Amino acid sequence: MKPTRHFVIFSTDRPGTESLRQENRERHRAYIRQPDANGVTAVLGGPTLDAAGQMNGTMLVVVAEDETAARAFFASDPYVVSGLFGEVIVREWSWGLGRDELKPLGISGVSPAAPQRL
């Protein structure tokens, strides 16, 4: 059975870790793009930015069976393994706004019965 629950993962970089982010960026990007990594699929995400436009965290929306699976997936992310983040928040999310509007366009990740990668 495919997972059907969405979770938002907000993470904030520890101060002074810009080099860790740059050193691990390509490994992080490859990791989150793995199809069904550990039964979890990332469907939306990107860096958060500070007032100067510099990356200071990460936001991901993943489809997973439960919060434990979402957390386990993120725990293996190269950013996490390298110690980049000072804070990580995982919350279940009910996708409302935009979901129905994207379905006719064939945008990936909008069908909980068949999540796909962006």
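Small disclaimer: the values here were computed from a predicted structure and weren't measured. All residue numbers refer to positions in the sequence shown, counting from 1.
- Here the shortest heavy-atom pairing between Ala64 and Ala69 reads CB-CB, 4.2 Å.
- We find the CD1-OG1 distance between Ile32 and Thr41 to be 12.0 Å, quoted to the nearest 0.5 Å.
- The backbone N or O of Gly83 sits less than 3.5 Å from a side-chain atom of Arg14, completing a donor-acceptor pair.
- Of all heavy-atom pairs spanning Leu20 and Asn24, the tightest one is O-ND2, 2.9 Å.
- Atom-to-atom distance recorded for Thr48:OG1 and Asn56:CG is 4.0 Å, nearest 0.5 angstrom.
- Considering only heavy atoms from C-beta on, Glu26 comes within 4.5 Å of Arg29 through its side chain.
- If you chain together hydrophobic residues whose side chains sit under 4.5 Å apart, Trp93 and Val63 fall into the same group.
- Residues Ile9 and Val88 form a side-chain contact, since some pair of their non-hydrogen atoms from C-beta on lies under 4.5 Å apart.
- Side-chain contact check for His6 versus Leu44: every heavy-atom pair is 4.5 Å or farther apart.
- Between the Ser11 side chain and the Thr58 main chain, a donor and an acceptor come within less than 3.5 Å of each other.
- The heavy-atom pair separating Ala42 from Val62 by the smallest distance is CA-CG1, 4.0 Å.
- Residues Tyr79 and Arg27 are not in side-chain contact: their nearest non-hydrogen atoms beyond the backbone lie 4.5 Å or more apart.
- You'll find the ring centres of Phe85 and Phe10 outside the 6.0 Å limit.
- Between Phe7 and Phe74, the distance from one ring center to the other does not fall under 6.0 angstrom.
- Put simply, Ile89 and Leu49 are part of two different groups of oily side chains (I, L, V, M, F, W, Y) that touch within less than 4.5 Å, one to the next.
- No side-chain heavy atom of Gln22 sits under 4.5 Å from any side-chain heavy atom of Glu18.
- Taken from CG in Leu60 to NE2 in His28, the straight-line distance is 6.0 Å, to the nearest 0.5 Å.
- Two different hydrophobic clusters hold Val8 and Met55 under the rule that ILVMFWY side chains link at heavy-atom gaps under 4.5 Å.
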